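Please read the structure below before turning to the comments.
Worth saying up front: this structure is predicted, and the values here are computed from it rather than measured. Chain identifiers are assigned alphabetically (A, B, ...) following the order of the sequence lines, protein sequences preceding nucleic acid strands; residue numbering begins at 1 within each chain.
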There are 2 protein chains.
Amino acid sequence: MAEAASQELLLAAAFVSDAQYNRNIPFKTSPEAVRLYYLYNHWFMRTATYFFIFLNLSLAVFEEPAVYPLPFLATSSVEVLCLLVFFGRLMHFAKITRRNVFWKDTKNICIMVAILLSLTDLAIYGALRIYNIKSVRWSRIVRPIFLVNFAESRQIRRAFRSIRNTLPEITYVFLLFMFSLLMFSLMALKLFGERNLQTAEGLPYFRDYLEIVFDLYVLVTTANSPDVMMPAFDFSSWYALFFIAFVIVNTYIFMSLFLAVVYNNYKKHLKNEIRTLAYMKRRKMIEAFNLLKEEEGTLSVVREAQWKQLVKLVAPDISSSHRELLLRISDDEQKGFIDKKSFVQLADLLNIQVITLKIRSHPLGQWMPRIYKSAASQFLRSVVRHRGFVWTYDVIILINAIFIALDEESPYISYAEWVFLALYIVEILLKLYTYEPRAFFGKNQFWNWFDTLIIFAALTATILNTTLKSTTKYNSQQILDIVFILRVLRLIRIVDSIQRFRVIMNTLINIVPTMLTFGGLTLVVYCIFAIIGMELFHGKIQFFPANSNAPYAMECGNQALKDSLFARGKYCKNNFNNFASSFIVLMELTVVNQWHDILCFVTAQPAKLYFIAFHIVMVIIIVNIFVSFILEAFFVEYSLEKTSPLKQDTLQDEQLLDNMESADNDLEGEGGTKAQPKGLVFKIASKRYRTVDALLQRMFEAEIPLEDEGPSFEEILNMSPGDLTSERAV
Amino acid sequence: MAEAASQELLLAAAFVSDAQYNRNIPFKTSPEAVRLYYLYNHWFMRTATYFFIFLNLSLAVFEEPAVYPLPFLATSSVEVLCLLVFFGRLMHFAKITRRNVFWKDTKNICIMVAILLSLTDLAIYGALRIYNIKSVRWSRIVRPIFLVNFAESRQIRRAFRSIRNTLPEITYVFLLFMFSLLMFSLMALKLFGERNLQTAEGLPYFRDYLEIVFDLYVLVTTANSPDVMMPAFDFSSWYALFFIAFVIVNTYIFMSLFLAVVYNNYKKHLKNEIRTLAYMKRRKMIEAFNLLKEEEGTLSVVREAQWKQLVKLVAPDISSSHRELLLRISDDEQKGFIDKKSFVQLADLLNIQVITLKIRSHPLGQWMPRIYKSAASQFLRSVVRHRGFVWTYDVIILINAIFIALDEESPYISYAEWVFLALYIVEILLKLYTYEPRAFFGKNQFWNWFDTLIIFAALTATILNTTLKSTTKYNSQQILDIVFILRVLRLIRIVDSIQRFRVIMNTLINIVPTMLTFGGLTLVVYCIFAIIGMELFHGKIQFFPANSNAPYAMECGNQALKDSLFARGKYCKNNFNNFASSFIVLMELTVVNQWHDILCFVTAQPAKLYFIAFHIVMVIIIVNIFVSFILEAFFVEYSLEKTSPLKQDTLQDEQLLDNMESADNDLEGEGGTKAQPKGLVFKIASKRYRTVDALLQRMFEAEIPLEDEGPSFEEILNMSPGDLTSERAV
């Protein structure tokens with residue numbers, strides 16, 4: 001940090017960087033608080049926080065029931081350490097934010113309560129342990145709270161808020177759905193209850209009302225179709241109509257209604273949140289402007305020198321030419337100052353990824369120009385650049401695929417593997433020979449990176465495996481598996497050769513950041529349910545290897561499971577005996593199929609509630625939110641391609657690009673007084689916005705007129721989600 | 001038809017009625033053609049056409065393999081009759097439409113080809129039958145073409161067009177999905193192929209590449225999760241990651257992508273189609289106007305007398321006061337003529353359902369005013385009107401629900417059933433005593449109708465059952481079943497008492513017409529696949545009743561199925577032995593679960609293609625279209641409640657209502673020269689548009705300015721779906 005910078009400048013820089021990263025920290029404006037603010041947002045502090053959050057979550061792997069058991073003292077001291085770190089982080093946050101805001105913010109309260117609960121529980125559990133009394137570590141389910149509530153996990157928190165806002169509407173639909181389920185169950189009881197029918201397993205069929213409700217609930221998820229229908233259907237074909245009506249009403253109509261409600265609310269909520277964000281950003285940039293403004297005639301402006309110092313503070317790692325470029329865009333008439341309108345855009349300008357790349361000649365061309373520029377070399381390079389080169393390698397990939405599918409045992413085929421590896425390496429080397437290496441490994445050359453990494457990993461693993469084989473005469477299982485996977489992954493490259501596929505792939509790659517949010521959401525839900533599941537169902541069944549002599553090895557060590565579908569399907573490894581197993585069982589429950597069989601080992605009625613609760617939370621709410629994510633992301637991508645209002649937005653960007661390029665030309669024209677040497681070209685890395693969020697935010701910002709400074713901080717922070725809609729609904 | 005009507009008037013009436021019902025028949029304007037046009041659209045002709053279409057489709061029930069066998073001579077002569085009717089209908093259509101249009105229309109060509117194919121096949125099959133040579137009735141799969149291609153099934157045809165337009169995009173995503181599937185299968189082969197693992201049934205696990213592809217395809221539908229994972233998972237927990245990655249990529253991401261593509265295209269296509277319809281309607285109304293217009297000063301107008309005759313022709317069954325009302329709206333300044341702008345609205349005005357109801361005093365009040373108006377009677381009526389009355393009956397319904405769930409055997413409970421029936425009947429009688437009966441059974445009083453019908457059906461069935469029981473000492477199975485269902489259906493009424501539920505229920509009821517289209521679509525696909533399925537798989541397995549002594553009764557008469565999951569699950573009745581069974585099997589395949597078990601009886605590899613094809617068509621395309629239907633319908637309903645542009649539309653309607661009521665007041669004020677007696681009140685039945693289509697059409701019509709007469713007929717008919725988008729995209 002430049003020590004010469006004045007307090008105003010430091011504060012303004014804090015505002016700008018807060019706006020740039022959408023952090024929305026309502027920090028105090030005292031000099032000390034601003035310094036602490038910078039420390040708080042230092043990448044090291046943020047990474048450390050995440051590290052401790054995940055360390056805390058992963059403790060479940062080492063605590064009883066453990067995948068890798070560690071003594072209680074070790075896990076508990078790590079937990080105390082984590083809690084201390086969280087507390088420190090929270091105190092740090094308290095130092096930089098205004099007190100009234102800090103205490104109003106639910107997420108801070110949540111963290112404090114969670115820390116207190118964890119410590120209390122730890123103390124009680126530890127004390128009881130000394131007297132050898134077994135108790136339950138119930139506070140473990142609050143651990144995901146840290147993942148959600150630290151300021152960094154904005155996206156996950158937003159998804160949770162979105163869920164919370166959807167709940168009332170979902171509840172009504174759910175109640176109606178339950179009503180329909182209960183009615184159908186009642187009908188089923190009257191129709192089939194006294195027929196003395198039996199299921200395929202010889203159990204009584206549809207006798208008990210609660211059993212029927214559960215069976216039909218399972219039918220909604222389609223997991224026991226058509227088994228649940230068969231006894232009635234065998235009795236009379238007409239009874240199939242009952243089940244058809246049931247499936248249409250409950251599976252198709254109600255489940256679609258759930259999706260519709262979730263999607264509709266998700267969209268509405270997303271818009272509101274992003275509108276608030278856009279206001280916050282605007283407000284922060286105006287605060288920064290007000291700090292630095294000077295009078296220039298009738299205008300309030302920021303002088304060039306001030307502006308440059310500000311940018312240096314906010315983004316110390318951008319090159320001076322890049323900074324010069326930003327200046328030219330902001331002060332396009334070269335008046336020596338920046339007006340409010342241009343200043344407000346600074347946060348966005350900083351976010352545009354600009355790749356400064358020199359049109360460098362190939363290093364080989366510099367080291368040995370003679371050979372590199374010879375006719376043979378030029379011919380080689382034109383061959384590599386030719387489309388035929390790509391096609392040739394596509395054909396090689398296809399042949400490779402066939403070889404992979406063939407039997408590994410034949411020695412010719414394992415030789416062929418070496419040939420293919422060599423061919424791929426030659427391809428990469430040829431490309432490096434033809435294209436400038438730094439351009440080839442540019443930040444956005446996803447496929448080049450992918451290729452190179454995959455192939456060198458495969459090379460390493462294959463060599464390692466061969467060495468092991470020749471020394472120990474034994475294939476290493478793990479390495480072989482990795483080699484297999486890498487070999488197949490290599491084939492994916494062929495997708496990139498076909499234009500239409502590349503478009504879809506790019507859309508999918510663009511969706512990845514959004515999907516990570518969903519991953520976080522899933523992690524939270526899984527953690528909570530896994531910990532509860534372990535407490536409830538731990539040790540009910542055991543897994544024995546195939547040739548075990550243990551009693552009831554086939555029945556998972558549980559005599560009651562004899563002849564059950566669970567044992568017959570060899571599901572013994574689907575248990576809640578440790579954290580990893582629990583995750584896999586929950587994954588299977590998310591996929592839904594056979595979930596009634598998986599819970600077969602639970603004999604107690606109330607335990608079914610655990611599974612139904614998981615189904616409602618995970619499948620009805622979270623999977624639907626995920627589908628909404630993907631639908632919305634796809635529609636945004638799609639509308640980017642087609643409709644007009646967004647096109648304007650891209651156009652605007654292209655204009656920016658033009659500006660940049662012309663600015664760059666200016667620099668060249670000026671002969672490079674301040675500018676970089678010739679051949680410098682700026683390129684905007686992605687004209688498309690990488691995430692749905694960023695795109696939507698752009699759209700809303702375009703909607704806010706410049707004069708509209710938006711509500712004040714206090715107003716924005718006090719707003720309920722509904723406020724913005726009602727005031728400024730589209 | 002009024003014989004005095006001139007040719008122009010008849011023709012104009014034809015245009016208006018075509019516009020009113022969105023028929024879009026490009027009829028000739030010759031007098032004879034117009035007469036034939038009226039005949040063509042007569043309700044009897046339309047109903048007859050549908051009757052023969054469904055008769056033709058239902059022939060599959062009586063033909064080999066038959067549910068109810070009929071001799072070939074009978075079914076074939078019915079089929080010939082149907083084909084003759086279809087041909088006649090087509091010829092009738094040819095008479096009224098312009099020749100060039102007729103021959104350009106694919107649907108006419110389709111019908112002709114289908115008739116020809118059916119006749120040829122019938123002749124060949126009949127001839128071969130005489131010589132006792134078995135052949136295949138392959139033309140049966142063209143039968144659904146009649147359902148799709150007759151002019152009446154506009155909605156189904158539109159859905160098919162929508163599917164056709166979606167195909168290219170779906171295909172790309174599908175290819176990418178298949179690529180991903182093949183890659184994962186290759187990985188699975190390399191990872192698990194040489195481990196010598198076994199499935200729970202002891203079969204080899206993941207050895208053959210094609211088997212793996214199929215197993216993983218089934219996993220995409222989640223039908224064999226987690227079974228397909230267990231052997232690898234038992235071998236090493238890490239392998240679970242492979243399946244988790246597979247499910248995330250293929251089940252969650254790709255399946256959502258399919259929904260996104262289908263939904264996006266559905267929406268786009270729907271808008272285009274409806275825009276075309278709106279143009280057609282406008283154009284027709286203008287044609288009608290041009291036929292009748294006379295000069296009034298500088299304006300072209302239609303005189304009141306002409307207009308009235310026109311309305312009489314178009315809608316002969318509306319009352320004269322209703323007609324008067326329409327006139328007052330169209331000619332709101334009472335100038336004696338109707339200008340173009342008002343005239344064009346006529347088609348919509350005719351579509352608004354107007355209930356003419358007199359504020360009639362209760363008939364009992366007229367017959368025995370003394371008693372009806374006595375204090376006791378008035379008190380009774382105020383009790384019935386009180387909210388407490390509704391709540392009381394809600395409580396009674398709940399108690400009834402408990403009684404239904406209790407055991408039927410106890411005599412007290414069957415007495416209770418009589419008590420409840422009596423209570424419900426008393427409720428209806430009390431309501432009829434309080435409210436005017438004709439208002440109570442108004443067209444839009446869905447719940448009143450529902451209640452009354454259910455209760456009187458239940459009463460009839462219960463009495464019938466009791467009579468049967470006392471005479472034959474034996475419960476009739478069918479009647480008892482119906483009684484049970486009716487009793488439970490009675491309980492649904494409770495939903496109507498809670499405001500929020502009523503809103504959701506109304507949305508669902510509004511969606512019903514749209515869902516019927518989907519039903520038609522499903523019917524077509526099911527018919528085709530059922531007929532193919534019967535040809536391929538007929539007789540492979542048999543169903544034997546539980547206590548049968550037939551050999552291999554437990555193995556569905558097929559020795560090869562011994563110990564298979566199919567036999568163990570008692571799936572024998574899931575077969576393709578007749579049309580009804582095939583439908584049920586296809587329904588089970590649509591629900592997806594256990595479909596790999598259901599096709600277990602098919603040993604030949606290529607037959608799996610049949611099931612995969614069905615899955616792609618039904619689940620990936622049609623179910624997604626259905627979900628899109630529901631999503632869109634729900635969003636439209638939702639936006640109706642909230643957003644502004646649609647609110648204007650409803651407002652406009654309310655204005656119409658005001659107009660109507662003020663017009664009505666005028667009538668009263670005038671002392672009823674032409675008007676009906678006092679106490680006449682008009683009510684617009686539904687302020688909401690009943691279907692999504694109607695609503696969207698309204699929106700687009702509002703967009704077309706009056707001056708824009710739109711493209712000519714020829715242009716509209718020649719337009720490709722893309723034309724309108726590119727020209728006039730929003």
Practice item. Show your working on side chain to side chain contact (heavy atoms under 4.5 Å, CB included) between Asn574(B) and Met230(A) and close with a plain yes or no. Key: CA-CA 9 Å; Asn574(B) 293 326; Met230(A) 290 319 291; 3.4 Å; yes

Heavy-atom contact with chain B under 4.5 Å, split by part of [X]:
| X | value |
| --- | --- |
| Leu259(A) | both |
| Thr251(A) | neither |
| Ile498(A) | neither |
| Leu508(A) | side chain |
| Val247(A) | side chain |
| Leu186(A) | both |
| Val173(A) | both |
| Arg490(A) | neither |
| Met515(A) | side chain |
| Val261(A) | both |
| Ser180(A) | neither |
| Tyr571(A) | both |
| Phe179(A) | side chain |

Spacing of [atom1] belonging to [X] relative to [atom2] belonging to [Y], to within rounding of 0.5 Å:
| X | Y | atom1 | atom2 | answer |
| --- | --- | --- | --- | --- |
| Ile630(A) | Ser256(B) | CD1 | OG | 4.5 Å |
| Ile504(A) | Phe254(B) | CD1 | CZ | 7.5 Å |
| Leu491(A) | Leu182(B) | CG | CG | 10.5 Å |
| Met587(B) | Met229(A) | CE | CE | 5.0 Å |
| Ile584(B) | Tyr239(A) | CD1 | OH | 13.5 Å |
| Asp234(B) | Phe543(A) | CG | CZ | 4.0 Å |

Could you check which of [options] has the highest count of heavy-atom pairs closer than 4.5 Å to chain A?
| options | result |
| --- | --- |
| Thr590(B), Ile248(B), Thr199(B) | Thr590(B) |
| Ala580(B), Ser225(B), Cys572(B), Ser581(B) | Ser225(B) |
| Asp227(B), Asn593(B), Leu175(B) | Asn593(B) |
| Asn224(B), Leu241(B), Ile244(B) | Ile244(B) |
| Val623(B), Val483(B), Leu257(B) | Leu257(B) |

Counting only heavy atoms closer than 4.5 Å, note whether [X] contacts chain A via side chain, backbone, both or neither.
| X | answer |
| --- | --- |
| Met183(B) | both |
| Leu189(B) | side chain |
| Gln198(B) | neither |
| Ser236(B) | backbone |
| Ile485(B) | both |

Point to revise | Mutual orientation of the aromatic rings belonging to Phe626(A) and Tyr252(B) [parallel < 30°, tilted 30-60°, perpendicular > 60°] | key: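 Judged by the thresholds at 30° and 60°, the geometry between Phe626(A) and Tyr252(B) is perpendicular.
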
Exercise for review: Over 60° means perpendicular and under 30° means parallel, so classify the ring planes of Tyr172(A) and Phe501(B), tilted if in between.
Suggested key: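 It falls in the perpendicular class, over 60°.
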
Choice from [options] maximising heavy atom contacts with chain B below 4.5 Å:
| options | result |
| --- | --- |
| Thr221(A), Val592(A), Val488(A) | Val488(A) |
| Glu169(A), Met255(A), Met505(A), Met187(A) | Met187(A) |
| Ala240(A), Ala401(A), Ala223(A), Pro231(A) | Ala223(A) |
| Leu191(A), Val627(A), Asn264(A), Leu176(A) | Asn264(A) |

Tell me, do [X] and [Y] make a side-chain contact under 4.5 Å, heavy atoms counted?
| X | Y | result |
| --- | --- | --- |
| Pro226(A) | Val591(B) | no |
| Trp238(A) | Asp481(B) | no |
| Lys573(B) | Ser237(A) | yes |

**Study point:** Lys NZ or Arg CZ of Lys267(A) over Phe635(B) ring: under 6.0 Å, within 45°
**Key:**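 Relative to the ring axis of Phe635(B), which defines the angle, Lys267(A) lies inside both limits.
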
